[in-house]
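Written below as structure tokens is the structure these notes are about.
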Amino acid sequence: MSRDIDFRKSALIVVDVQCGFSELCPQELPVPGALGIVPAINRLLALDWERIDATQDWHPPDHCSFLGQRDNLYPPHCVQGTRGAEFLPGLWTQRFHTIWRKGYLRDRDAYALTAQHPAYPALLHAAHVDTVVVCGLAKNICVFYTARDLSQAGFRVIIADDASAGVDVPAAGLYQEQARSDAQKMGILYLSSEEISAAAARL
Ligand code: VGL
Ligand code: ZN
């Protein structure tokens, strides 16, 4: 598969780069190394994408995925209006064109933007986007599901490796190695932010 990226036909999607998935909120769902990916994401944000979309996990306090609730999976995290729901400090959010909130219904989980906003792939197609670069948190959960859904919708999908960080969650059966091999089997490519920037420089 070509590694060239035509930025006029490409979208960057920044997934859940929020305090609640970082060391800043250790009682929520900290992903090791989350704070460290911000510079690489900012480098990607500086490029001339056709679209820049961001997602924000945005849960009510009694969301079904929380411990003590229906699915009993995760500590409360990214609760609407709290620190955990805020984007990471230093993240260049001014570059976001659209912020897609997800997980805001008590009884429905939405790992991927595509699960909550099913018209999103059509919106990308209408903008003549054929390639999406996905980065953020967590690499093997919301980044993975977003990449998978967009790959199945017909886009060329690249995960920006160093602009994402992952975490194994045995209680949910979610593992980093498994997600990577599943993604690679679907033809999803893992590139570094350097390689993606170099593809920009070549054009
Ligand atoms: C996520 C678990 C629950 C994620 C969101 O962004 O990876 N993980 N909600
Ligand atoms: Zn969540």
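Residue indices begin at 1 and follow the sequence shown. Just so you know, ligand 1 is whichever comes first in the structure, and atom 1 is the first atom listed for that ligand.
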Check your understanding: Where on L137 is there a heavy atom closer than 4.0 Å to ligand 1, on the side chain, on the backbone, on both, or on neither?
Key -> backbone
Review point. CZ of R70: more than 12 outside heavy atoms within 6.0 angstrom?
Key: yes
Practice item. Would you give the angle at the Zn ion (ligand 2) between D57 atom OD2 and H77 atom NE2, to the nearest 10°? Key: 100°
Practice item. I would like to know whether D162 and S192 meet side chain to side chain donor-acceptor pair (under 3.5 Å); could you show each step before the answer? Key: CA-CA 6 Å; D162 59 321; S192 68; 4.9 Å; no
Check your understanding: Between K102 and D57, does at least one N-O distance fall below 4.0 Å, as a salt bridge requires?
Key -> yes
Practice item. Could you say whether the N/O atoms of Y74 and ligand 1 ever approach to under 3.5 Å? Key: no
Review point. Is a side-chain donor or acceptor of R95 paired with a backbone partner of L45 at a separation under 3.5 angstrom?
Key: yes
Review point. If you measure from each heavy atom of H77 to ligand 1, is any distance below 4.0 Å?
Key: yes
Check your understanding: Between D16 and ligand 1, does any nitrogen or oxygen pair lie at a separation below 3.5 Å?
Key -> yes
Study note, to complete from the structure: Near I141 (heavy-atom distance under 4.0 Å), the atoms of ligand 1 are 7 (O), 8 (N)
Check your understanding: Would one find an N, O or S atom of H59, in either backbone or side chain, under 2.8 Å from the Zn ion (ligand 2)?
Key -> yes
Exercise for review: Give a yes or no on whether a salt bridge exists between D130 and R8, defined as a side-chain N under 4.0 angstrom from a carboxylate O.
Suggested key: no
Point to revise | Any N or O of F21 closer than 3.5 Å to N or O of ligand 1 | key: no
**Study point:** Check ion pair D182-R148 (N to O, under 4.0 angstrom)
**Key:** no
Check your understanding: Looking at C142, which atoms of ligand 1 are within less than 4.0 Å of one of its heavy atoms?
Key -> 1 (C), 4 (C), 5 (C), 6 (O), 7 (O)
Practice item. Report the relative orientation of the aromatic rings in Y145 and Y111; use parallel for angles under 30°, tilted for 30 to 60°, perpendicular for over 60°. Key: parallel
Exercise for review: Would you mind running through ligand 1 and noting each atom that sits below 4.0 Å from a heavy atom of Y111?
Suggested key: 2 (C), 3 (C)
Check your understanding: Any N or O on D57 sitting closer than 3.5 Å to an N or O of ligand 1?
Key -> yes
Check your understanding: Just checking, is any N or O donor in the side chain of Y120 or D53 under 3.5 Å from an acceptor N or O on the other one?
Key -> yes
